[in-house]
Amino acid sequence: MLIILNIFATNLIPIKNMCGIVGYTGFQDAYEVIINGLRRLEYRGYDSAGIVLDKEHSSFQFAKTKGKVDDLAAISENFKGKFNIGMGHTRWATHGVPSNTNAHPHLSNNKKIALIHNGIIENYDTIKTMLAEKGYTFQSETDTEVLVNLIEYFMNKNPEIDFPTAVRYALNEVHGAYAITVMHDDFPGILVVGRLGSPLAIGLGENEYFIASDASPFVEFTKEAVYLEEGHMATISLEKGVDIRTITENEKIIPEIQELKLSLEQIEKGGYEHFMLKEIFEQPKSIQDTLRGRLLVNEGIIKMAGIWDNLEKINQAKRIIIIACGTSWHAGLIGEYLIEEFARIPVEVEYASEFRYRNPIITDKDIVIAISQSGETADTMAALKLAKEKGAFIYGICNVVDSSIARITDAGSYTHAGPEIGVASTKAFTAQLAILSLIALKLGKHNGNLSNQEFMKLITELDHLLQKVEQVLQSTHEIVKEMAKDFVDVQNFLYLGRGYNFPTALEGALKLKEISYIHAEGYPAAEMKHGPIALIDENMPIVIIAPKQGHYDKIVSNVQEIKARKGKIIALVNKGDVQVSSMADYVIEFPETSECFSPILASVPLQLLAYYVAVYRGANVDQPRNLAKSVTVE
Ligand code: M6R
């Protein structure tokens, strides 16, 4: 089991904005404030949690555990009502697997400094080596433990400096992204915080201060907050208030106090009306997080330990079987196109629920790729168990760290899309496509089916994709929002695409039906004439995905057939398109990219279309009827 987890762990790359931080000093029970605050930040990460509390004439009291905030609460209840200062953390693993040891807070070697951290210390290895040479030891695999010891190192080296100055010295040495809160046992009334790249808010109450990754943990206690700016740190104490300084120059900053206008619910959704919309807009970042550390364009390589360690086995496989459900199954279909095109290995894509009940032929020469956002889908899990029993090698693509599917696989890659709360999968889907692209290109390069030139062209294009996703969001959002009003009362929708965008059509249709409850079907565009064409009349909206690359000429003919039957055409085309656009009733443009990556771009406006149609119909977008985020029943 551990080995399996470790294989996954080798692919754990740093993500900037995960993990939740809460800190408190004041007259309330710090334990209650922190635990309740952590519960609200669990959307940021929930693989382990920890708390540290302090008071004069007593050493740190802390607890940390793998698991959720509830697990932490269960082991730390005895801290209740005893402390007025402390801090807590809920983690989304970056460096090191989720475990009790890797959970935050981390203590310095002398046990006097405690630190919680959200982000990455990019040069932690160099600092760790330097500290190790000076005799420092490390318990965890985290970058955080390096930083806390660096602070101790500066305090030891410069006995004349105070605790906040030592934190400042240390922060000046680290590169990367962080939001941190630090406590020192010899300075029990002080919290020191710092920020670069990861968010941190300071809530200003009467005789109390709060610290949190967003304002949700303290919104019921105060409406006044200071959002720490990039490169700033603050020393917070009841005695001296909030003292903000620049990290580099120690220059004093006058804080800009903001009034919190948002409700608690809105804050949890980051200001978006629904988690789904938030998650749609998070896609440039989630794709970036998925590619980070793996796609190294300057070095001309794709780094994926799970694939690398098993390259020979995968390349010698007779076939790859992709197993998944729902949206993940659609990603699997695109994976089939990608792997067959670039790696030339035969691929079959199976619904997990069908696969397990049809006595499938599986041998130890087969590679099974399981795709699951939640990592808990019962059908997928059962299919994998069957494949494993028959000796197949199992590779997992999961979003949720340490999930059941991640555990039973032999190797795998996490998607790092971040927690997806809306039941309709959006950012997890595009992250799955990003991982499948990496796998296909890596295999193709290794087995010689892709020339170096083609490989470089494709990875460069993949690297540019996040900017293009951002462009699509910006350029299509208002257009789609407006056009969705016209479809509130329709009964049916057709989605058509060819090649790579046939699965995109399936996914577009699934998105619409699951949240708006409008019946929608996805079809390969050419199949239309074999049946669905009978449905087309002036009341039938038909989404046509028609990027320039691929089968554009053939799609033009399909559009003409629809036009002749008065269907309402919603065309997703590349910028500057003329032929299809001139026949369409609605046009949504997206930038050109290689055909194999076009599903990532085309999916974004389709998600927005489903979202707005559902919103206008008054549906519960985040929790559609009869559905659940993790389908853990057969
Ligand atoms: O967690 P999984 O990816 O295994 O879930 C599979 C499906 O249940 C899931 O994709 C479902 O179809 C979503 N609601 C789609 O938006």
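Values below: every heavy atom of this structure, side chains too, minus hydrogens, waters and symmetry copies. What you see is a predicted model, and the numbers here were worked out from it, not measured in a lab. Atoms within each ligand, like the ligands themselves, are counted from 1 in listed order.
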Would [X] and [Y] count as having a side-chain donor-acceptor pair, cut-off 3.5 Å?
{"X": "Glu589", "Y": "Ser475", "result": "no"}
{"X": "Tyr616", "Y": "Ser516", "result": "no"}
{"X": "Thr593", "Y": "Glu461", "result": "yes"}

*How are the rings of His104 and His89 set relative to one another: parallel (under 30°), tilted (30 to 60°) or perpendicular (over 60°)?*
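Parallel.
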
Numbering the atoms of ligand 1 from 1, which are under 4.0 Å from a heavy atom of [X]?
{"X": "Val423", "answer": "13 (C), 14 (N), 16 (O)"}
{"X": "Cys325", "answer": "6 (C), 7 (C), 10 (O)"}
{"X": "Ser425", "answer": "15 (C), 16 (O)"}
{"X": "Ser328", "answer": "2 (P), 3 (O), 10 (O)"}
{"X": "Lys511", "answer": "15 (C), 16 (O)"}
{"X": "Ala424", "answer": "16 (O)"}

*asked:* Any non-hydrogen side-chain atom of Ile397 less than 4.5 Å from a side-chain atom of Thr415?
replied: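 Yes, at least one pair of side-chain atoms sits under 4.5 Å.
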
*asked:* Cation-pi check for Tyr517 against Arg617: NZ or CZ below 6.0 Å from the six-membered ring centre and within 45 degrees of the axis, yes or no?
replied: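 Verdict for Tyr517: no cation-pi partner in Arg617.
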
*Is the closest N or O pair between Gln432 and ligand 1 shorter than 3.5 Å?*
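No: no nitrogen or oxygen of Gln432 is under 3.5 Å from one in ligand 1.
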
_Thr380-ligand 1 polar pair, N/O distance under 3.5 Å_ =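 In fact, backbone or side chain, Thr380 has no N or O that close.
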
*Any Glu376 heavy atom less than 4.0 Å to ligand 1*: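 The answer is no: ligand 1 sits nowhere under 4.0 Å from a heavy atom of Glu376.
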
*With distance as the sole test, does Asn100 use its side chain to make a donor-acceptor pair with the main-chain N or O of Lys66 at under 3.5 Å?*
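Yes.
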
